[in-house]
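First up is the structure itself, then whatever we jot down about it.
Predicted model only: the values in this text are computed from it and were never measured. The figures that follow rest on heavy atoms only: side chains count, while hydrogens, waters and symmetry mates do not.
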Amino acid sequence: MQSSVTLTLNGESRVFDGPADGPLSVAGLLQTLGLDTRKVAVERNEEIVPRSRYAETWLASGDRLEIVHFIGGG
Amino acid sequence: MDGMTAAADDTWTVAGRTFRSRLIVGTGRYKDLEETGAAIEASGAEIVTVAVRRVNLSDAKAPMLQDYVDPKKYTYLPNTAGCFTANEAVRTLRLAREAGGWNLVKLEVLGPPPLLYPDMQGTFEAAEALIKDGFEVMVYCADDPLAAKRLEDMGCVAIMPLGAPIGSGLGVQNPAILSMMMEQVKVPFLVDAGVGTASDAAIAMELGCTAVLLNSAIAHAKDPILMAKAMKHAVEAGRLAYRAGRMPRRMGADPSSPLTGLIR
């Protein structure tokens, strides 16, 4: 059965459907959002999620995620 | 060694990385990313400062800085602009490290507008936390010789005091203090903030700074690409003048042409 998770994503509450065969991973979330994993970094509940572990980091309702990238700055 | 060879060998090193350009430029406040890329190329800079911010999730396909400023070509120096506590600075730079794999970072903890003056208490706390976490910290700081020495003793890899408030373009307002600070520290010493035009950058380099960091002076010039070129030359000229050693100042004239052999 497909499960849904409620995440706080960059400060906004959003609901995502997990894949049919299990929970939603960080890799799955980034794919759903259409983000290039090489250009972003992810923090889950104030802890860095290493890029090498996106596929095995499972998300649960209530998780707070920050997805950031580089922009122009001085 | 002739002058040209000497200039080619005149590199500087921070945290084990060696650079030829003594101009570090910011990537903010440009009209668009295309102009950002063109101005940075014209500046000849090898290091660029970048900010870390939330991705706009409603427009995931929007062009990103990396598409215009190639991280393989330029050393990204992530900053902590907008962080007001040590915890925010550490979280931000951990994300930056994960996004790009860089340990070399620019720490800035700022006080409130309108001065955005370096908050040294917050800076000390954040520097300590970052160094403990394995970062190599280039630190923006007040023009305070004691603070500079303390930051160096803590393990900061470059000391970067302001010449004037961020984005003010007022130029180097504190040359005597900067000179005194330079004598206190052994790590690279950069003027970061305050430069308004090419002569300001040259003055900083003539004082003996290792390099200059600027952003608004290029981005807010009427023609940023042209100003980027001007800054490149100003930093090189100032560096050469520093190495050449200026003539002594004297209170009075000293004729350049001989006073003998004049017709009568």
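- A salt bridge links A/Arg53 to A/Glu56: at least one charged side-chain nitrogen sits closer than 4.0 Å to a carboxylate oxygen.
- Listed by chain and number, the residues in a ring pair (Phe, Tyr, Trp, His ring centres under 6.0 Å) with A/Trp58 amount to none (sequence neighbours excluded).
- Shown here is A/Glu46, whose CD atom has more than 12 heavy atoms of other residues, nucleotides or ligands within 6.0 Å.
- Using a 4.5 Å cut-off between heavy atoms, B/Asp192 does not touch chain A at all.
- The residues B/Arg17 and B/Glu46 are annotated as not salt-bridged, no charged nitrogen and carboxylate oxygen being separated by less than 4.0 angstrom.
- Heavy atoms of A/Arg14 lying under 4.5 Å from chain B belong exclusively to its side chain.
- When heavy atoms are compared at a cutoff of 4.5 Å, B/Arg29 does not approach chain A at all.
- Top candidate by heavy-atom pairs under 4.5 Å with chain A, chosen from B/Leu57, B/Thr36, B/Val25, B/Ile166, is B/Leu57.
- Within a 6.0 Å radius of CD in A/Glu43, more than 12 heavy atoms belonging to other residues, nucleotides or ligands are found.
- For A/Ile48, the part lying near chain B is the side chain, with the backbone staying farther off; criterion is any non-hydrogen pair under 4.5 Å.
- Each of B/Val55, B/Leu65, B/Asn215 has some count of heavy-atom pairs under 4.5 Å with chain A, and the biggest count is that of B/Val55.
- A salt bridge does not link B/Glu98 with B/Arg94: none of the charged nitrogens is closer than 4.0 Å to a carboxylate oxygen.
- Other residues, nucleotides and ligands contribute only 12 or fewer heavy atoms inside 6.0 Å of the NZ atom of B/Lys229.
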Check: residues 81-88 of chain B side-chain donor-acceptor pairs under 3.5 Å, at least two apart:
residue	atom	partner	partner atom	Å
B/Thr85	OG1	B/Glu88	N	3.1
B/Glu88	OE1	B/Phe84	N	2.8
B/Glu88	OE1	B/Thr85	N	3.4

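- Partners of A/Glu66 under the side-chain hydrogen bond (donor to acceptor under 3.5 Å, both in side chains) rule, at least two apart in sequence or in another chain, are B/Arg54.
- By the neighbour-count criterion of 12 heavy atoms within 6.0 Å, atom CZ of A/Arg38 is sparsely surrounded, having that number or fewer from other residues, nucleotides or ligands.
- No other option in B/Leu33, B/Asp67, B/Thr27 has as many heavy-atom pairs under 4.5 Å with chain A as B/Thr27.
- Proximity to chain B at a heavy-atom threshold of 4.5 Å picks out A/Leu33, A/Gly34, A/Leu35 from residues 28-36 of chain A, in numerical order.
- Looking at B/Tyr68, there are no atoms closer than 4.5 Å to chain A (heavy atoms on both sides), in backbone or side chain.
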